[in-house]
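By convention in this document, chain letters (A, B, ...) are assigned in the order of the sequence lines, proteins followed by strands, and residues within each chain are numbered from 1. The basis for the numbers below is simple: all heavy atoms, side chains too, and nothing from hydrogens, waters or symmetry mates. Since we're looking at a predicted model, the values are computed, not measured.
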Amino acid sequence: MLRSFCALIVGRLVGLVARWLGRGATSLPGYVALKIDPLLMGHLAAGYEKIILVTGTNGKTTTTNLLASILRAAGIRVVHNSEGANMPAGVATALLGQQGEVAVLEVDEGTLGLVTSQVPAGTVIVTNLLRDQLDRYHELEQLAAAINRALAALPAATLILNADDSLVTSLGQGREGVRYFGLARTPWSQATTSEVLEGHICPRCHRPLQFNFYHYSHLGDYFCPRCAYQRPRPDYEVVDVELNTGGARFNVLYPGGQVAFKTPMPGIYNVYNILAAASAALDLKVNPATIAGVVAAFLPGQGRAETFRLQDKQVTLMLVKNPTGLSVALQTLVAGREQASYLLAINDLAADGRDVSWLWDADLSPLLQAPYQRIICAGLRAGDMAICLKYQGVRMAALEVIPGQEESLDSLLTAPGDDCLILCTYTNLALYRRLLKERGATSEVTPLPSLS
Amino acid sequence: MKLRLCHLYPELLNLYGDRGNVLILRRRAEWRGIAVEVTRLSLGDKLDPGVYDLYFLGGGPDQEQGVASSDLFQKGPWLKEAVEGGAALLAICGGYQLLGEYYRASNGETLPGVGLWAAYTEAGIKRLKGNIAIQVEELGLERPVIGFENHGGRTFLQGARPLGQVIYGDGNNGTDGTEGARYKSAIGTYLHGPLLSKNPHLADYLLELALRRRYGEVELAPLDDSLEIAVNEGVFRRFLPTKGKW
Ligand SMILES: [Zn+2]
């Protein structure tokens, strides 16, 4: 106990110093405290009435932030790792806050076992298992197996699982207390998919699954023709989705009722994020009207989709980190847009993923069919992006390859028209934001208030 | 002129943008006025060895690869007959391994392969991963073939001809300096993903091999490859070690 007491005091001191230095307490306090007491997470967890873990490959940060906001609006004192610091040090840092009844913790899908072996979570949300950074987790089935082992440490936990992802539903096999969330068929659901698929093997008998429809990537309504494994019936289901450039509207059916949602966040993937957070909140008996109220006002944090104004131009900046992200970003941003110019900035540093082969797995057709004025390829892998566009039939006269970030932005800003979009990989994001600010751009999205 | 391309297990063996290669072969043929017909064959489909000029086989995650391998073992004799008859073939990563003699897993279990090339693969511990450049003799000495590799298996040639010699990267096994395998007009390689995108010379070589079966020696009209060549040279130089083997 003395050891963990020391760890706790030192961790909090580091947190104070870090905040005093104006750096924000991200993972450093937890990192230092875990060095002193590797079992600290377990000791700290005992101080909470309920712990909710959020894991999966995509949408963790938005789901975690949204769920924490909903619970706060319901009058619960909540601690969460708001900066997306989801490795054990970040989780320990959040728990060091020790000022809540409930902890909502985003946990990296690859290190979930380190957390579940110590933290007796009562609820685990799994958003999805989409292809992401294959450099790191080279195969999704192995990842699903690792998550399954991690969940075995929590036999009594309630699992809140994405019904539309066969890899995620495989985690619910043989368990009690599983709730499913999913999307009913939408006007955009397709009978086939032009994206490369993963997670389309039956988790029970390992034969290929068949699909009634796809939402995107391998998410959809699937069934196994051999052993009858199928998409479970969702306990929480989104119906009547309407997407528009200003966000989305939809209804959520839950046991005993339905509630209407309106959100300023665009894109079908945000509908999933909202549904995941709302399912957990409904399961905790939070008033549906409270949930809808928080969702209506909730905006994404910096870097997910940010809009800037620069003289007469509107510039939208968005992070893309994998083929699904790029496909969905193009689908969301390009739909209904008139003449616009695009900048695709692709790097291959460690945080981006060293291998850029994934560009060829994305569905670029929404962009190629749009009335684009100019498409500029930038970054260390500008040429790879350009070749990919060339073979998919881009109008070559509209294509430019300008690897330098600064030069590429200047070219984008001199393109005709006033609508500019920048899609970039991780290490380009802060750079383009800085370059935009240097040129006098003002951000039009209100950043999330600090929740710590 | 018409090229008949057979894409094997497109829904199972499709990691890392492999399918880009089929698109690149199709476009480079069509830009020269050669019609292309792509047939997708998968589990349980019959393969008629006389029909196709060019086969493509990608890599997949473990489970998908396992499902494909048992079926490929059935199709193996047809595929061998096709290659003996002059058909060209490109197999990447998992597809490359499955066409060898066998694969030995880390638990010692041995899975038989098709045996198109005299080579076998063993499971390794650390994945061999990173940018790679190789020298392919048939393509002349001035331009390397470049790509990215990411494989756990180590392949050892047992008399099969390698595709090329490693300039930098790991290649077949990280030790003997060879990369890939050749048998007649068939090519296997660990350079995964959209390999042909940065190697238009390799793409055209494959097209020539494929057309030879039906049309004899064909000289392909030149295309504007300035973009592809610039990327090939840029990426090659960027990852070229300043010291070490060259
Ligand atoms: Zn089944």
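For the pair A:Gln392/B:Arg27, no side-chain contact is recorded, criterion being any heavy-atom separation below 4.5 Å from C-beta on. Within the 4.5 Å cutoff, no side-chain heavy atoms of B:Lys129 are placed close to those of A:Asp355.
Proximity to chain A is absent for every atom of B:Asn21, based on heavy atoms less than 4.5 angstrom apart. Neither the backbone nor the side chain of A:Leu359 comes within less than 4.5 Å of any heavy atom in chain B. Proximity to chain A (any heavy atom under 4.5 Å) is restricted, for B:Leu43, to the side chain, taken from C-beta onward. Contacts between A:Pro208 and chain B at a heavy-atom distance below 4.5 Å involve the side chain alone, from C-beta outward.
Considering only heavy-atom pairs separated by less than 4.5 Å from chain A, the leading option among B:Ser197, B:Gly193, B:Ala230 is B:Ser197. Chosen from B:Asn131, B:Leu23, B:Asp18, B:Ile24, the residue pairing most often with chain A at heavy-atom distances under 4.5 Å is B:Ile24.
Within 6.0 Å of OH in A:Tyr426 there are 12 or fewer heavy atoms belonging to other residues, nucleotides or ligands.
Taking all atoms of both residues into account, the shortest heavy-atom contact from A:Trp360 to B:Gly20 is CE3-CA, 3.5 Å. Minimum interatomic distance between B:Lys198 and A:Asp384 (heavy atoms only, all atoms of both residues): NZ-OD2, 2.6 Å. Scanning both residues, A:Ala362 and B:Arg19, for their nearest heavy atoms gives O-NH2, 3.8 Å.
Ion pairing between a basic and an acidic side chain is recognised when a charged N comes within 4.0 Å of a carboxylate O; B:Arg238 and A:Asp348 show such pairing.
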Check: Can you list the steps and then say if A:Ile201 with B:Leu12 is a side-chain contact (heavy atoms from CB on, under 4.5 Å)?
Finding: CA-CA 9 Å; A:Ile201 292 282; B:Leu12 293 171; 4.0 Å; yes
Next item on the list: Please lay out, stage by stage, how B:Arg28 and A:Tyr391 fare under the test side chain to side chain donor-acceptor pair (under 3.5 Å).
Entry: CA-CA 9 Å; B:Arg28 296 187 70 81; A:Tyr391 282 90; 2.8 Å; yes
